[in-house]
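Heads up, the thing below is written out as structure tokens.
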Amino acid sequence: MESNQSKIHRILELYWGYKQFRSLQEEIILHILEGKDALALLPTGGGKSICFQVPALVLEGVCIVVSPLIALMKDQIENLKKRDIAAEAIYSGLSEAETDLYLNQAVFGRLKFLYVSPERCKNEKFIAHLKQMKVCLLAVDEAHCISQWGYDFRPAYLEISSLRDYLPGVPLLALTATATKEVVEDIQKKLHIQPFKLFQKSFQRDNLTYYVIEEEDKFGRLLRIIRKVKGSGIVYVRNRRKTVDVADFLCRNGISAASYHAGLSTSLRNQRQENWKEDRVQVIVATNAFGMGIDKSNVRFVVHVDLPDTLEAYFQEAGRGGRDGKRAFAILLYHPSDKKEVEERFSKTYPELVFIKNVYEALGNYYQIPVGMGEGSVFKIDIKEFCNTYKLPIIETFSALGFLQKEGLLTLSENLRDTSKVRMLIAYEDAYKFAIEHPDYEFMIQDLLRSYGGRMFSDYVSIYEKDLAQHGHSTEEKIVASLCQLHSWFIIDYQPLQQGISLTYVSSRVDFRKNALSPQTYMDRKKNAQRKLDAVLDYVSASKTCRSLYLLHYFGEQNETKCKHCDVCLGDMQKRVHASEYESMLCVLRPLLQEKALDIRQVIELFPQFAEEKICLFWQHLLEEDNLEKVGTNSFRWKNQ
């Protein structure tokens, strides 16, 4: 009989093409195959998904995966389907017919993985189907979301533990990339992981060099970093507008770059992501909407132009660099004025409690939802139109919606559907007969069958109206009209492409006159967020603590060995200008300055082999020695003495 160890190695090579597991993966998988619970704390790039996907393929039954992000679900499902592994996801934005189909497929054993959002855990229909499923494993991804002390608390995660009542004997594997000691204890308690087993990989990344650079001209410094480091990189910025500004700036200066944010169409985002992954674009400039589930090994630098909200988010984003084990740089550009900016943003992130209540009431009136009704209702929302209607400030309104989401009253999600989908509702013979009897739709039916095959009789298939229009020498408008007509006749179930922001009422509308939001909960969350923001500000201002050690200590890892290559560790060595270096720079610079005036930026460009701090110290020494005279605003030339 084949041992579990032999099975998992065979599955790993068969489906993923790997001969060896990464650190801790094998231990976690074998532990789960013994029917035991565990929490796996594996930093970004540690291969968390393998830890539940491999044992699920060994065990009989479906693996239920709870995940908070639709984009992450879709990415993992796409990767599983590429390996011919049956997987689907249920989330807000799917039609009732699609939801029913996937639930039934799980009940009848046609799926190996069923991904669900945490809000689904208390849905009556889901629970009714869950009771009929043969479940082999319950995986909880991004498990830090269960803790109010975590950086991305989702109250719906608290419902996951109730699923265990319907799954006696089924092991649970919780996974997260970032969690403090406090959050780890919270996960254990709230998911009932007994006896508690923690698999923790060190947060230390020996090949990742952390830098915090104080810089006023961030765009200029960014350009010099990219030219010096070279290779593929990610640049994180605060907002959508800035992704475009930075990408345009880099392109104008000869760097291949593209912007990425949630406001782009799905097809354009996918195209830009693919161009970057295939190295057709060197730099992707993104908001934090980018990165989840992206496994690109050769990222040489990750630069944050704006301060992150938490060190958890920063560690996860910075950790996307150097997954191939080679040297990579995590650089945070900082200026003292950033502190005032983040503090102003923080005040808007936590508007007054009465404002949050007013936004909730306005939503109920906007969608005409009576008190006690609306649970499960999904609406497409235009935030700008909503705010204009009720004369609400946009930023504060977004923040209020975020707080309401954390209270478990509603959820917001972007880009409901990647493509249009179609499922044939009648048998093949009936479809053939219908086509003959309705000549106006004959080509449409035949083209659907020819293009998408027999699978569309048992499952939803992605369709592209543009392709159908080209095949039929028609227009997209006419194709959509025909599909809608076939849908109305119950020949097909047509689910057109949806994009934008959707709002889902997780629970029925609450009457805040009787069920007020808790001021204590509000203050606790605000204090926790302030504490995390203070940690970020402390990190960028710390000039005596090794950057790597600072992050390790923040996550509760006891380690006193300095990395020896962050900006703090290298600070003294970099700033010390040795006599040979001084003479080397002076020999080049003095003749040039005798001919023309230069500013410090031009001088830095002359010496790519030296650290900027060292060049600035050399320049400062020339000024102090009165060797230079000012010409214009910022330029200097050699003083004739």
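All values derive from a computational prediction rather than experimental measurement.
In this pair, Phe203 and Phe555 present their aromatic rings parallel. The plane angle is below 30°, not in the 30 to 60° band. Taking the six-membered ring where the residue is Trp, Tyr360 and Tyr505 present tilted rings, their angle falling between 30° and 60°.
Judged purely by atom type and a 3.5 angstrom limit, Lys296 uses its side chain to pair as donor or acceptor with the backbone of Lys277. A donor-acceptor contact shorter than 3.5 Å is absent between the side chain of Thr504 and the backbone of Val506. In this structure, the side chain of Asp141 does not engage the main chain of Ser67 through any donor-acceptor pair within 3.5 Å. A donor-acceptor distance shorter than 3.5 angstrom exists from the side chain of Ser162 to the backbone of Glu159, with no hydrogens or angles considered. One N or O on the side chain of Asn104 and one on the backbone of Asp100 form a donor-acceptor pair closer than 3.5 Å. Judged by distance alone, the side chain of Thr310 and the main-chain N or O of Ala313 form a donor-acceptor pair under 3.5 Å. At least one donor-acceptor pair under 3.5 Å links the side chain of His129 to the backbone N or O of Lys125. Arg164 places a side-chain N or O within donor-acceptor distance of the main-chain N or O of His192, the cut-off being under 3.5 Å. Here the side chain of Arg320 pairs no donor or acceptor atom with the backbone of Val299 at under 3.5 angstrom. One N or O on the side chain of His487 and one on the backbone of Tyr494 form a donor-acceptor pair closer than 3.5 Å.
When every heavy atom of Gly319 is checked against every heavy atom of Arg205, the shortest pair comes out as O-NH1, 3.1 Å. In plain terms, the two heavy atoms of Pro55 and Leu137 that are nearest each other are CG-CD2, 4.3 Å. Pairing each heavy atom of Cys136 with each of Gly61, the nearest pair is SG-O, 3.7 Å. The minimum heavy-atom distance linking Ile28 with Ala40 is given by the pair CD1-CB, 3.7 Å.
Looking at Arg531 and Glu182, a side-chain N of the basic residue comes within less than 4.0 Å of a carboxylate O on the acidic one, giving a salt bridge. In summary, Glu2 and Lys7 do not engage in a salt bridge, as defined by a charged side-chain N under 4.0 Å from a carboxylate O. One finds a salt bridge joining Arg509 and Glu361 here, because a Lys/Arg side-chain nitrogen approaches an Asp/Glu carboxylate oxygen to under 4.0 Å. Checked for salt-bridge contact, Glu88 and Lys74 miss the test: no charged N lies under 4.0 Å from a carboxylate O. Between Lys532 and Glu312 there is a salt bridge, with a side-chain nitrogen of the basic residue lying less than 4.0 Å from a carboxylate oxygen of the acidic one. Salt bridge absent: Lys112 and Asp84 never bring a charged side-chain N and a carboxylate O closer than 4.0 Å. No salt bridge links Glu557 with Lys181; every basic N to acidic carboxylate O contact stays at or beyond 4.0 Å.
Residues Leu363 and Leu401 form a side-chain contact, since some pair of their non-hydrogen atoms from C-beta on lies under 4.5 Å apart. Side-chain contact check for Ile29 versus Phe21: some heavy-atom pair is nearer than 4.5 Å. Two residues are said to be in side-chain contact when any heavy atoms from C-beta on lie closer than 4.5 Å; Phe379 and Ile369 meet this criterion. Side-chain contact between Cys51 and Gln25: present, with at least one pair of heavy atoms (C-beta onward) separated by less than 4.5 Å. Put simply, the side chain of Leu101 reaches to within 4.5 Å of the side chain of Tyr460, judged on heavy atoms. With contacts defined as side-chain heavy-atom distances shorter than 4.5 Å, the pair Ile64/Val116 qualifies. With a 4.5 Å cut-off on side-chain heavy atoms, Gln53 and Tyr15 do not count as touching. With contacts defined as side-chain heavy-atom distances shorter than 4.5 Å, the pair Gln188/Leu39 does not qualify.
Under a cut-off of 6.0 angstrom, the local environment of NZ in Lys189 is sparse, with at most 12 non-hydrogen atoms contributed by other residues, nucleotides or ligands. Enclosure of atom CD in Glu124 is not indicated, since only 12 or fewer non-hydrogen atoms of other residues, nucleotides or ligands lie within 6.0 angstrom. The environment of Gln368 atom CD is sparse: at most 12 non-hydrogen atoms of other residues, nucleotides or ligands sit within 6.0 angstrom. Surrounding CZ of Phe108 are at most 12 heavy atoms belonging to other residues, nucleotides or ligands under 6.0 Å away. The neighbour count for Leu198 CG, taken as heavy atoms of other residues, nucleotides or ligands under 6.0 Å away, is above 12.
Judged by distance alone, the side chains of His9 and Glu26 do bring a donor and an acceptor atom under 3.5 Å apart. For the 3.5 Å distance criterion, the side chains of Arg110 and Tyr102 fail to qualify, holding no donor opposite an acceptor. When only modelled atom types and interatomic distance are considered, Glu119 and Asn123 share no side-chain donor-acceptor pair under 3.5 Å.
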Quiz item: Stepwise, does the side chain to side chain contact (heavy atoms under 4.5 Å, CB included) test hold for Gln495 with Val422?
Solution: CA-CA 6 Å; Gln495 300 293 328; Val422 162; over 6 Å; no
Quiz item: Are Tyr350 and Gln530 close enough, and set up right, to give a side chain to side chain contact (heavy atoms under 4.5 Å, CB included), and what steps lead you there?
Solution: CA-CA 10 Å; Tyr350 281 87; Gln530 182 68 62; over 6 Å; no
Exercise. Tell me, with the steps shown, if Leu163 and Phe126 meet side chain to side chain contact (heavy atoms under 4.5 Å, CB included).
Key: CA-CA 10 Å; Leu163 296 184; Phe126 172 71; 4.1 Å; yes
Practice problem: With side chain to side chain contact (heavy atoms under 4.5 Å, CB included) as the test, would you mind laying out the steps for Glu396 and Glu352 before giving the verdict? | Solution: CA-CA 9 Å; Glu396 288 86 339; Glu352 295 297 324; over 6 Å; no
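Note that the CG atom of Leu404 and the CG atom of Leu503 stand 9.0 Å from one another [nearest 0.5 Å]. The structure places CD1 of Ile11 at 8.0 Å from CH2 of Trp16, a figure rounded to the nearest 0.5 Å. The CG atom of Leu138 sits 7.5 Å away from atom SG of Cys63, with the distance rounded to the nearest 0.5 Å. Here the straight-line distance linking atom CZ of Phe199 with atom CD of Glu27 works out to 7.0 Å at 0.5 Å rounding. Interatomic distance, OG1 of Thr178 versus CD of Glu317, reported as 10.0 Å (0.5 Å rounding). The line from CG of Leu111 to CD1 of Ile85 is 12.0 Å long, rounded to the nearest 0.5 Å.
None of Ser147, Pro68, Cys121 except one satisfies the side-chain contact (heavy atoms from CB on, under 4.5 Å) rule with Tyr157; the exception is Pro68. Each of Met133, Gln132, Glu98 was checked for a side-chain contact (heavy atoms from CB on, under 4.5 Å) with Leu103, and the lone residue meeting it is Met133.
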